[in-house]
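Below is one structure, written out as structure tokens, with a few remarks after it.
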Amino acid sequence: MCCGRIRTISAGPRLQVPAAGGAMLAYLGRTALTITGPATGAVYRFAASGARLRIDPRDAPALRKVLVLRDVG
């Protein structure tokens, strides 16, 4: 039974298409990697080694510091 208050349900992490001009990063790890961009809150999912994703330019400086990610363009 509901208390009569409005309740909200979290949609969970948001997958975001990065803005044009972002960095292209390649994943060099052995398993999948999911990482959240600290500036935008965007969730980036690298499914396997060698996966490449375009990263929002606001998240790129922090993600470039991750040892298993390489800037490829």
Side-chain angles (χ1 to χ4, degrees):
M1 176 165 239
C2 183
C3 61
R5 296 184 191 159
I6 297 174
R7 294 192 272 171
T8 59
I9 299 172
S10 172
R14 56 189 183 149
L15 296 174
Q16 181 175 350
V17 177
M24 179 68 74
L25 297 182
Y27 174 57
L28 306 177
R30 294 183 180 184
T31 63
L33 172 71
T34 301
I35 191 164
T36 302
T40 65
V43 176
Y44 302 101
R45 171 89 173 142
F46 295 88
S49 184
R52 294 177 178 209
L53 291 177
R54 185 154 305 275
I55 305 299
D56 189 292
R58 297 168 290 176
D59 292 326
L63 271 56
R64 283 185 177 117
K65 294 178 183 177
V66 177
L67 296 177
V68 293
L69 296 177
R70 293 289 180 268
D71 198 339
V72 292

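Just so you know, these numbers use all the heavy atoms, side chains as well, and skip hydrogens, waters and symmetry mates. Remember, predicted model here, so these are calculated numbers, not experimental data.
- Considering all non-hydrogen atoms of both residues, Arg58 and Ala39 come closest at O-CB, 3.3 Å.
- Residue pairs satisfying the side chain to side chain donor-acceptor pair (under 3.5 Å) criterion with at least one member in residues 64-73, sequence neighbours excluded, are listed as follows: Arg64-Asp71.
- For the atom pair CD1 of Ile35 and CG of Leu63, the computed distance is 4.5 Å after rounding to the nearest 0.5 Å.
- Remark: side-chain polar atoms of Ser49 are paired, donor with acceptor, to backbone N or O of Gly29 under 3.5 angstrom.
- Residues passing the side chain to side chain contact (heavy atoms under 4.5 Å, CB included) test with Leu53, sequence neighbours excluded: Tyr44, Phe46, Ile55.
- Other members of the cluster containing Val72 are Met24, with ILVMFWY side chains joined at under 4.5 Å, either directly or via other members.
- Between Gly22 and Pro57, the shortest heavy-atom distance links the atoms CA-CD, 3.7 Å.
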